[in-house]
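See below for the structure under consideration.
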Amino acid sequence: MDKKTLIIANWKCNPLTRKEAEHLLKVINGGIKLTKDIEVVICPPYIYLSGFNLKTLNFILGAQDCHWEQKGAFTGEVSPLMLKDLGCQYVIVGHSERRRYFGETDEIINKKIKAALKARLKPIFCLGEETKDTFDSEGKQLNEMNLIVQEQLEKAVAGISSNRINDVIIVYEPVWAISSNNGVSCSSDEAMQARLFIKKILSKLYSRRLAEEIKILYGGSVTAKNSSDYIKKAGMNGLLVGGASLNASEFIRIVKGVYEISPRF
Ligand code: PGA
């Protein structure tokens, strides 16, 4: 597999005008460089995805969602093939906000991952528990994270073969740590536990070798201050950045921080 560290910007439903979006992209593009070890992926709203001269970009384009069918009578939906045609290489699938506000189930997410793969897009699949792990009166962990993450993962990858699974990027994004939920932050230790747990499930479902190859990222209140810890201490293969990616200088700082800790720089 490629060993590139991925830094993904999820702009969600922002900014409100094309002018602001273009400005943000221009500043970010000027502040980062194309390297062989780090890939920056920007996922703006669909409406800002067109009109790029891809050769001038120091980042890769991604989308925030896609439909599970390639085409047809599906009013309001966007096909993964349309995203591919615009130059996207990645698409976020199964973000907790899609689950929470748009009723996406594990089954829908599974169909979307398959549709993305079929269109030769790399799905960025998000999973994570809603609330922080709880403990019983004796301090024993009730393992909510494990149960939820296992179920979400198994259902999302059902039917995906060994030769396609390493195109799927997995993001551990504990919902309680997303900034819009006013979350407490997830420590690098908690992130590492989740990463190891996800690897364990992947080796059961596939093989140890594939579990090593599949990229696991962290998302949830990533800032320039905590970003390198998730990579250095928690061993994550990259980051999914929401709120902080709307601030060009903060986002560039995150990317530069990752350049600095990359062993090959
Ligand atoms: P956040 O969002 O970085 O603002 O917490 C991350 C996400 O929800 O993708």
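Both counts, for ligands and for their atoms, begin at 1 and track the order of listing.
Inspection of the Tyr172 and Glu129 side chains reveals an N or O donor paired with an N or O acceptor under 3.5 Å. With no hydrogens or angles considered, no side-chain donor-acceptor pair links Asn247 and Arg253 at under 3.5 Å. Of the N and O atoms on the side chains of Asn166 and Glu213, at least one donor lies less than 3.5 Å from an acceptor on the other residue.
Taking only nitrogen or oxygen atoms, main chain and side chain alike, Gly243 reaches within less than 3.5 Å of ligand 1.
Protein heavy atom in closest approach to atom 4 (O) of ligand 1: Ser179 OG, 2.4 Å.
For ligand 1, the atoms sitting less than 4.0 Å from at least one non-hydrogen atom of Gly220 are 5 (O), numbered in the order shown with element in parentheses. Distances below 4.0 Å separate heavy atoms of Glu173 from the following atoms of ligand 1: 6 (C), 7 (C), 8 (O), 9 (O). Taking a cut-off of under 4.0 Å to the non-hydrogen atoms of Leu240, the atoms of ligand 1 that pass are 9 (O). Taking a cut-off of under 4.0 Å to the non-hydrogen atoms of Gly242, the atoms of ligand 1 that pass are 1 (P), 2 (O), 3 (O), 4 (O), 6 (C).
With respect to Asp167 and Arg164, a salt bridge is recorded, a charged nitrogen being found less than 4.0 Å from a carboxylate O.
By the 6.0 Å and 45° rule, Lys132 stacks over the aromatic ring of Trp176. A cation-pi arrangement, defined by a distance under 6.0 Å to the six-membered ring centre and an angle within 45 degrees of its axis, is present between Lys33 and Tyr259.
With a heavy-atom cut-off of 4.0 Å, Asn10 touches ligand 1 through its side chain alone.
In this structure, Ser180 has no heavy atom closer than 4.0 Å to ligand 1. Within the structure, ligand 1 has Ser221 among the residues with a heavy atom less than 4.0 angstrom away.
Tyr218 and Tyr230 have parallel rings, their planes meeting at less than 30° on a 0 to 90° scale where 60° marks the start of perpendicular.
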